[in-house]
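One structure is given here, and the rest of the page talks about it.
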Amino acid sequence: MFKRWMALAVISFCLIFTLAACAAKSETEETGQAETAKRITVAITQDLKGGKIDATTYNGARAVQTAIYDALVEFGEGGTILPSLAEAWEASEDGRTYTFHLRKDVLFSDGSAFTSAAVKFSLERTVANEETASLEIARKLEKVETPDDHTVVLHFKEMAAQTLLELSQARPFRIMSPNAVSPAGAIDGEFIKSVGTGPWQLDSYKEGSETVLVANEHYWKEAASKYSLVFKVVTDPQARVLALQSGEIDIAGGEVGSIPYESLPLFENNNKFKLEHNASTMSYFMVLNQKNEFLTDKNIRQALNYGTDTSKMMSGQGAEVAGLFQSTVAFVTPDNQPSYRYDADKAKQLIEASGYQWNASTSLYEKDGKTIALRLVIQTEEYPEWKEMAEIFQNQMKTIGIKVDILNQERAAYYDALWTNKQYDLLLYRTYTDAQLPYRFLTSLFYHTAEAPAVAYQDQMLTGYLDEIAGTVSETEQQQLFNRLFERMHEEAMTVPIYYTKQTFVHNSKITGFAFGTIEDNPVKWHQLVIEE
Amino acid sequence: MVRYLASRLGMLLLTLLLLTLFVFALMHLAPGDPAALMLQGLGASPDGNMIAYYQHKWGLDQSFAAQYLTWLLELLQGNLGHSYITNKPVADEIFSRMGPTLMLMASSFVLTFLVSVPLGVLTALRERSLLDRVVYGGTVLGLSIPLYWLAIMLMLLFGVIWPLFPIIGGGSLRHYVLPVTTISMIQSVYFIRMIRSFTLESKQAFYIEAAVARGLRRRILYPSYLFRAMLIPFITIVGTSFPSFFGSSIIIENVFSFPGIGKYMLDMIYIRDFPVIQGCSLLLASAIFIVHFMTDLCYYLADPRVRLEKQRWEN
Amino acid sequence: MIGFLLKNKTLSAALLFILFLLLAGMFAAWLQPYDPYQPNYDAKLQTPGFKHLFGTDYLGRDILSRVLAGISQSVFPAFVVLGLVMAISLLLGTLSGYYGRRLDMVLMSITDIFVAVPNILLTIVIIGFLGFGMENVYAAILLSWWAKYVRIIRGLVHDVKKEPFMLSSRVSGSFGIVHIVRHIVPNLMPQVVTLAILDVSRVILTLSGLSFLGIGAQPPSPEWGVMLLDGKNYLQIAPWMGFFPGLMIFATACAFQICGEKLRSVFKLK
């Protein structure tokens with residue numbers, strides 16, 4: 001009996017082992033393909049749907065999309081639009097017709113020529129995708145005309161002032177070859193492989209593990225890379241730090257795979273690593289719930305702003321915060337964004353002006369026996385640094401007699417609070433980036449109608465300005481409208497700006513040729529990186 | 001035997017039904033809308049129309065009961081549905097990630113087994129010896145160390161300070177070293193404790209004392225008397241260890257960015273990918289069932305007096 | 001008693017530690033050299049020294065003060081959670097063990113499921129439903145732990161039922177609730193208490209573990225698990241931030257382990 005049992009045990013162990021060994025072996029074989037070229041490994045936080053990097057969808061990581069596909073136009077500093085696949089373009093006065101003149105020397109990664117047909121195919125395929133329905137081009141595009149191989153004309157049903165900005169984004173309006181789908185050129189064709197004009201092409205993809213890119217030899221703008229580029233999924237921020245130190249990752253940082261700022265001292269003054277800094281367009285701010293009994297009072301909203309000392313955030317890196325948007329954002333000029341300078345006494349005066357009294361035993365302000373207590377909702381899954389900011393803010397509010405309770409929510413519950421159930425008094429959030437700023441960001445958070453109430457602060461005047469901005473293609477008019485809009489946001493204290501982010505990358509010092517890309521979704525010119533021996 | 005199989009099968013179906021219903025209910029009632037979360041993840045701002053479109057596409061606009069019934073009916077046709085996020089069949093998503101996790105759990109189990117069985121038995125046979133005291137002290141300490149903390153320490157030690165092993169990802173065999181070591185270290189402590197205590201108990205049995213008194217040689221005494229008697233409790237701890245191994249591997253996969261089913265499950269819970277969560281709970285319940293079934297069979301093989309018809313907790 | 005303690009040096013050390021811990025937790029407010037919640041931006045990440053015995057954290061808060069303040073949030077709740085778990089399982093376990101039959105069958109089938117699902121997974125699903133926060137973590141632990149104890153207590157009831165005195169009490173006309181309260185529960189108590197004390201360390205580890213995952217205590221709470229989580233981010237820069245709370249968790253868990261083990265050997269519990 002005993003022997004029989006032993007035999008059974010031995011056999012089952014053997015089975016488990018062989019099964020497991022097979023699984024492990026087949027995996028190592030898969031990774032073997034890209035061994036030919038030297039690899040540059042970049043940390044990335046997630047890569048959902050990375051197997052089907054279709055330029056007309058939201059699949060895959062943005063950094064991977066921008067490495068494979070180019071846009072018609074590029075988003076430059078301060079919101080200027082630069083030529084890319086389109087050399088030049090004209091927009092009609094009424095903003096309904098856009099004509100693009102395409103470059104003639106561009107080839108796709110499969111060697112076929114880049115023509116107006118590809119542009120027509122890509123745009124129409126994107127518009128046909130239900131996911132993109134909320135974008136302006138998708139809503140308003142009437143037809144795409146291709147008078148010749150190198151000219152594309154977009155006709156819109158009504159004025160489409162955001163067209164160039166939307167085209168410049170990481171997705172979903174980048175240009176893909178008609179050969180990427182089967183049957184070739186069919187708008188609703190099945191996606192088979194990524195074929196773009198960017199510096200890279202997809203080599204292999206392992207779900208939840210890594211995406212391997214190899215150089216596109218036909219790249220038109222600059223020389224192609226000699227290396228293969230690997231985006232490796234590392235979810236945990238601390239694990240990214242350790243992986244950089246152990247040499248498993250060559251580059252990490254930015255939005256792609258941020259390095260927690262508290263770990264940066266490990267890499268500073270260390271000749272094995274180099275830090276690269278660049279400006280960013282994103283800022284962190286607090287969304288205020290104006291339905292809250294205390295926050296309906298403008299004095300209290302302003303007091304929150306006066307009472308926040310942003311220079312204490314992120315170990316004193318937050319010194320320059322003035323207004324909601326960074327100076328790198330389009331339409332922001334040095335003097336059109338007024339701000340509340342830190343002044344705790346002024347904050348207290350404002351609170352007292354609203355009839356609140358200081359209660360010496362609790363050290364808090366109160367009216368009719370009710371103390372000012374606010375619930376601050378944050379999440380730390382995507383933005384771990386928010387915890388520290390919330391703690392600093394909580395303490396600063398305590399000094400001006402306002403009680404703040406921090407509630408760190410799971411990501412799902414946090415977004416539910418923001419978008420649907422509004423169970424917050426204060427909520428720490430971030431602005432979008434680059435081409436989505438400021439117009440698209442403002443419309444998605446502050447645009448208020450009776451059917452669709454604004455997500456953040458609801459204000460008729462602000463909504464009116466946004467309508468007017470959408471109704472003009474003249475840049476000077478837009479500038480004036482934005483000036484008034486920023487003034488209004490400041491006057492009403494609709495938000496509490498907290499921190500301006502920066503782009504920081506850390507890389508192994510054996511990697512040289514590091515240069516930032518033009519937008520944060522295409523953060524680094526990966527193809528210019530060189531491994532020094 | 002037939003009655004046994006029938007009752008087991010009934011139990012399985014009941015368990016599957018209850019567990020999936022429980023998870024389904026909790027997840028649907030929990031805050032967080034899959035459509036809004038997906039759009040947020042894409043970087044597209046969630047506006048009302050888009051959310052409504054997806055909710056309709058995924059059937060989330062129906063009543064809770066209707067949704068669960070639809071899911072059940074689909075399941076009866078062998079269809080687990082498609083992941084909201086990737087739009088791929090749930091079964092494919094799960095099976096592509098199961099290999100590494102099974103490997104991780106199997107290797108940790110084998111290592112735990114190889115470490116704890118000799119140590120547990122030896123310390124019990126040589127009670128109060130130096131070895132016993134050292135191991136006992138070690139287990140007290142071991143039971144007080146949190147798993148995640150141990151994992152991070154090992155990462156720092158063998159990944160950074162003394163870079164012997166890769167600390168993130170999976171794929172090659174070397175990737176398994178640190179995760180397996182961590183799980184085994186924590187699990188062996190528990191195993192050693194249990195094995196030591198029931199070895200001591202078996203050792204005190206009258207028939208062992210009698211055998212020793214008869215002057216039976218150890219070569220015969222241990223395998224044929226002592227170890228034989230220990231089979232039943234041993235099967236119990238092995239059989240019930242599955243949940244804790246799986247639980248450990250969830251944590252470890254997250255710490256080591258290991259591409260397995262545990263990490264996937266957690267990620268999908270966080271973004272409320274309902275079909276995947278359902279598929280995973282179904283899989284988990286079935287795995288638990290299989291383990292229980294095997295345990296029962298092992299009981300029977302080890303001791304034919306065991307009556308399979310009885311539930312495990314009826315004794 | 002004193003002689004017994006003197007002979008058992010480890011046990012007396014453990015008991016002494018627990019005593020000090022509980023006293024320190026109760027009088028934390030008087031013992032703290034600094035305000036555990038007040039940031040001091042000029043004294044960030046100070047190494048342990050005379051001014052700050054355990055160093056300071058990323059906001060310049062004194063770690064010693066925070067560790068002391070954390071006792072009431074890391075250790076005391078463990079007793080409450082365990083007490084509740086024990087109360088529930090004592091009730092269900094004795095009922096199930098005493099009355100048996102249908103009730104037993106249903107209860108045991110339910111526990112079957114709860115015992116089989118990994119605790120961590122169950123807790124996370126429940127927390128996803130209830131939301132983050134310490135109270136919700138208590139509820140989640142309660143829900144994922146009760147089943148195991150119900151089964152153990154049920155087993156103990158079965159053992160007690162076999163004792164001869166049970167038969168005699170039955171013969172003398174004691175039935176139902178009276179019987180349970182008078183004869184069964186008192187006989188279970190030593191084992192149940194031992195079980196509870198043995199598991200104090202596990203509850204403390206689980207509570208701090210969940211806080212460490214970021215789903216438990218909310219900032220600026222000085223709960224040890226939260227402090228450990230903060231410490232994890234500063235592992236290589238300010239190791240003391242994680243070391244001291246980690247040491248406290250470890251030492252507390254150890255102390256309760258040792259006491260539990262001793263009780264176990266006294267009561268001859270498996």
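The structure presented is a predicted model; accordingly, all values stated were derived computationally and were not measured. Below, read A as the first sequence line, B as the second, and so on, with proteins coming before strands; counting in each chain starts at 1.
The environment of B:Met230 atom CE is dense: over 12 non-hydrogen atoms of other residues, nucleotides or ligands sit within 6.0 angstrom. Atom CZ of C:Phe17 has more than 12 heavy atoms from other residues, nucleotides or ligands within 6.0 Å. Enclosure of atom CZ in C:Phe76 by more than 12 non-hydrogen atoms of other residues, nucleotides or ligands within 6.0 angstrom is indicated.
Interface summary for chain C: among B:Tyr136, B:Phe22, B:Phe198, the most heavy-atom pairs under 4.5 angstrom belong to B:Tyr136. When each of C:Gly209, C:Gly131, C:Ser201 is scored by its heavy-atom pairs under 4.5 Å with chain B, the top score falls to C:Gly209. Note: B:Leu143 leads B:Leu200, B:Val291, B:Leu143 in heavy-atom pairs under 4.5 Å with chain C. Contact count versus chain C (heavy atoms, under 4.5 Å) is highest, among B:Leu266, B:Leu156, B:Leu18, B:Leu19, for B:Leu156.
When heavy atoms are compared at a cutoff of 4.5 Å, C:Thr252 does not approach chain B at all. Contacts between C:Ile110 and chain B at a heavy-atom distance below 4.5 Å are absent for every atom of the residue. Residue contact with chain C, scored on non-hydrogen atoms closer than 4.5 Å, involves the side chain of B:Ile251 exclusively. Interface residue B:Ile250: only side-chain heavy atoms are found under 4.5 Å from chain C. At a 4.5 Å heavy-atom cutoff, the contact between B:Met265 and chain C is made by side-chain atoms alone.
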Would C:Leu235 and B:Met153 count as a side-chain contact (heavy atoms from CB on, under 4.5 Å) here? Give the steps.
CA-CA 9 Å; C:Leu235 188 61; B:Met153 283 304 153; 3.9 Å; yes

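We find the CG-CG distance between B:Leu29 and C:Leu130 to be 10.5 Å, quoted to the nearest 0.5 Å. Between atom CZ of residue B:Phe246 and atom CD1 of residue C:Ile120 there is a gap of 11.5 Å, rounded to the nearest 0.5 Å.
Residues B:Val140 and C:Cys254 are in side-chain contact: their nearest non-hydrogen atoms beyond the backbone lie under 4.5 Å apart.
Ring geometry for C:Phe212 against B:Tyr148 counts as parallel: the plane angle stays under 30°, on a 0 to 90° scale with 60° as the upper cut.
Of all the heavy atoms in B:Ser144 and C:Leu205, the pair that sits closest is O-CD2, 3.6 Å.
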